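Following: one structure in structure tokens, then a few remarks.
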Protein chains: 2
Amino acid sequence: MRKGIRAVLEDEPEIERLVEAENGEAAFDKLNKEVFDIALVDIEMPKMGGIGLLQKVMKEKIKTKIVFLTMHKDKDVFDQAMNAGASGYLLKENAVDDIVECLHAVQQGGYFISPAISGYLVQRLQKQAEPLSTIPYVDQLTNAERAILKHIAEEKTSQQIADELFISPKTVENHRNNISKKLHLSGTHSLLKFALSNKDLLK
Amino acid sequence: MRKGIRAVLEDEPEIERLVEAENGEAAFDKLNKEVFDIALVDIEMPKMGGIGLLQKVMKEKIKTKIVFLTMHKDKDVFDQAMNAGASGYLLKENAVDDIVECLHAVQQGGYFISPAISGYLVQRLQKQAEPLSTIPYVDQLTNAERAILKHIAEEKTSQQIADELFISPKTVENHRNNISKKLHLSGTHSLLKFALSNKDLLK
DNA sequence: AATTATATAGGTGAAAGCACCTAGAAGGTC
DNA sequence: GACCTTCTAGGTGCTTTCACCTATATAATT
């Protein structure tokens, strides 16, 4: 595997130097002593492992970008890697084909994710973008109640909302109560908590 | 372009039928009359456009998955497409190489994003994952204060926090006050609002 | 005509949080 | 020893929210 990648990279004129390391610790030593643009790291690496190396690199504020190579399409590993700050995530099955494009993208400050993995990213985004309508009972709210809810999500007090809508603070209070009942919320500041938790969804 | 892709797809034994449409409206008519697994759509399509087609497909609850083809690496267009519910986003430059893999992934309920585009997804995720340390003044908090703040973010009252930590509710109140001062927060429930807004960052 | 839903407004009492105080105990620093 | 910070605990007064009431005007529905 390493030989195949090395062969491809040696053909690239833009690559000035090509250095290899046997394991995680040896790799970190080299990254710590000398400045490299990009490190291509096997995630299942002996001693420290790829993600451990990345965490050390981030901690020491070494500017070298880390691109991971892996055989497995494990979602958890991928999540860990991206959370830790990886710049690229390449499946070995695609590596030889995509490596040059990947290094270009990363060199220019971008990211490169093997397409077979990119679905995980989409899922993570869509989880956060669930529509308001999926929250139970929200569809039972009237227009006035919805309007009040939006203002609550904007961190306004009942008094402030009343001033803005030219209605009595008592009316706002009543709407709050009705909203709480419709959403089956109870307890102290539960409505405020709900509104803030679903801030993004309230547009 | 279309001929190249057609040639590749005709070689695939798993593809039972291959139907083409001249523009967005014609495509929607066909998707509406007959059930297809996947539609490969040029985003810059005459009449309606690719994203318009996707929105209509979603609205009518047609189960056909939509994969977009495009020449441009425009971030806004990509965002629109993914928000609308696209299953795939293929750059034309990679299309012939990746199309088969793409269709396989989508057919199995997954997603496929051209790697040159996948960086946009990472950026969107990282925007939401900004570290807690970037919030001003947070580093001035003591350990006890940080602990209290986490509990507040978990939507607990001072009384509840006091019970869990075996301290007086008044102590919790005092910590709240000190936290508010250190974070330069003031006003009603400002601390609760802060804690909830930064919930994810408080781990 | 009667009913229902909605928006409006008010009352009361309780719980929670905020702001501003004091103060003791324990720890480290100069 | 004097000083500072942190954690602890309490007091007082105020605002906000909550929960549970009543009540009127209006519009839509039956």
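Order of the sequence lines sets the chain letters (A, B, ...), proteins ahead of strands, with each chain counted from 1. This is a predicted model, so every value here is computed, not measured. Side chains included, hydrogens not; waters and symmetry mates left out as well; all remaining heavy atoms used.
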### Query
Can the ring centroids of Y89(B) and F112(B) be said to lie less than 6.0 angstrom from one another?
no

### Query
Any idea which heavy atoms bring K92(B) and E44(B) closest together, and the distance?
NZ-OE1, 4.5 Å

### Query
If you look at every strand shown and take non-hydrogen atoms under 4.0 Å, does N143(B) touch a base, only sugar-phosphate, or nothing?
sugar-phosphate

### Query
What nucleotide among dC18(D), dA19(C), dT8(D) has an atom nearest to a side-chain atom of N174(B)?
dT8(D)

### Contact nearer the 5' end of DNA chain D, comparing F166(B) with Q140(B)
Q140(B)

### Message
Starting the side chain at C-beta, find the nucleotide from dC21(C), dC20(D), dA7(C) nearest to N177(A).
### Response
dC20(D)

### Query
For the pair made of CD1 in I167(B) and P in dT8(D), what is the distance, rounded to whole Å?
5 Å

### Message
Let's see if you can work this out: which of dA7(C), dA9(C), dT6(D) has an atom nearest to the side-chain heavy atoms of H175(A)?
### Response
dA7(C)

### Most 5' of P169(B) and T157(A) on DNA chain D, judged by nearest nucleotide
P169(B)

### Task
State whether T188(B) places a side-chain N or O below 4.0 Å from either non-bridging phosphate oxygen (OP1 or OP2) of dT15(D).
no

### Task
Compute whether any side-chain donor of one residue and acceptor of the other, for E14(A) and H104(A), lie under 3.5 angstrom apart.
yes

### Given dT6(D), dC18(C), dA9(C), the nucleotide with the shortest approach to the side chain of S168(A)
dA9(C)

### Query
Should S158(B) be listed as having a side-chain N or O under 4.0 Å from OP1 or OP2 of dG17(C)?
yes

#### Entry: Side-chain N or O of T171(A) closer than 4.0 Å to phosphate OP1/OP2 of dG10(C)
no

### Task
Please state how far atom CZ in R146(A) lies from atom C1' in dT6(C), giving the value in whole angstrom units.
14 Å

### Task
Look at H189(A) and dT16(D) and indicate whether a side-chain polar atom (N or O) is within less than 4.0 Å of OP1 or OP2.
no

### Query
Among pairs that include at least one residue of residues 52-71 of chain B, which meet ring-ring contact (aromatic ring centres under 6.0 Å, His included), considering only residues two or more places apart or in two chains?
none

### salt_bridge(E10(A), R6(A)) N-O dist < 4.0 Å
yes

### Task
With the side chain of R176(B) defined as its heavy atoms from C-beta on, choose the nearest nucleotide among dG11(D), dG17(C), dT6(C).
dG17(C)

